[in-house]
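Computed over heavy atoms, backbone and side chain alike; hydrogens, waters and symmetry mates excluded.
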Amino acid sequence: MTRSPFSEAEMSENKQRQINIRDDEIYERAHHIALRLGVPMKEAVRRALRAFSAEEGAAPASDPAVAYRLEELRAVTKRISKKAVKRTHAEDDAALYCADGLPR
């Protein structure tokens, strides 16, 4: 994730940072997403930016619900991998060929 070009001192002076985008398409898309999700536009834009960052390989969002789901998926994956039957080539050969080495 890229760092802000502003120093921490500059950012602490202006705690109320703003971004103003005057583009009808962006406004309409953000408004549509906000309505669909039932959240304010600011939250819709935040979620869209987090989703984009996650797709780009940035650190995952710090949303507790997402973290919980990821942990559950990891636990299920671990349980399934422990139960998986590990087969060897010898087992495959026994199923495909008879004792004389001929195909079944």
Side-chain angles (χ1 to χ4, degrees):
M1 191 178 231
T2 58
R3 294 196 37 95
S4 171
F6 301 105
S7 71
E8 289 190 34
E10 289 172 316
M11 288 177 21
S12 65
E13 288 176 14
N14 184 14
K15 298 231 186 230
Q16 188 73 24
R17 294 184 303 270
Q18 292 185 5
I19 182 169
N20 295 312
I21 301 172
R22 292 179 173 91
D23 184 302
D24 291 338
E25 179 188 2
I26 293 172
Y27 178 86
E28 290 300 321
R29 286 179 182 236
H31 183 70
H32 177 74
I33 292 169
L35 286 175
R36 199 172 82 206
L37 296 175
V39 297
M41 284 181 53
K42 180 171 98 174
E43 179 62 21
V45 171
R46 177 183 291 124
R47 289 182 186 186
L49 291 171
R50 285 180 176 167
F52 178 79
S53 294
E55 288 174 8
E56 293 294 311
S62 58
D63 183 355
V66 172
Y68 176 76
R69 287 188 204 120
L70 285 173
E71 194 57 40
E72 287 294 309
L73 285 171
R74 287 185 185 114
V76 168
T77 303
K78 189 180 272 189
R79 281 195 312 267
I80 290 172
S81 66
K82 286 181 181 179
K83 292 181 179 183
V85 176
K86 306 280 194 263
R87 296 184 62 165
T88 64
H89 292 292
E91 291 171 339
D92 292 338
D93 290 345
L96 297 173
Y97 302 100
C98 70
D100 296 327
L102 298 173
R104 292 186 184 242

(Q) Please determine whether a side-chain nitrogen of the Lys or Arg among Arg46 and Glu43 lies less than 4.0 Å from a carboxylate oxygen of the Asp or Glu. (A) yes
Q. Could you state the interatomic distance from CD1 (Ile33) to CD (Glu28), rounded to the nearest 0.5 Å?
A. 11.5 Å
Q. Closest approach of Ala44 and Val39, non-hydrogen atoms and distance?
A. N-CG2, 3.8 Å
**Q.** Separation between CG of Leu73 and NZ of Lys78, rounded to the nearest 0.5 Å
**A.** 13.5 Å
Q: May I ask you to check whether over 12 heavy atoms, not counting those of Asp23, lie within 6.0 Å of atom CG?
A: yes
Q: Determine which pairs satisfy salt bridge (charged side-chain N to carboxylate O under 4.0 Å, His left out) with at least one residue from residues 29-38, sequence neighbours left out, and list them in order.
A: Glu25-Arg29
Q: For a side-chain contact (heavy atoms from CB on, under 4.5 Å) with Arg22, tell me which candidate from Asp24, Asn20, Ile26 qualifies.
A: Asn20
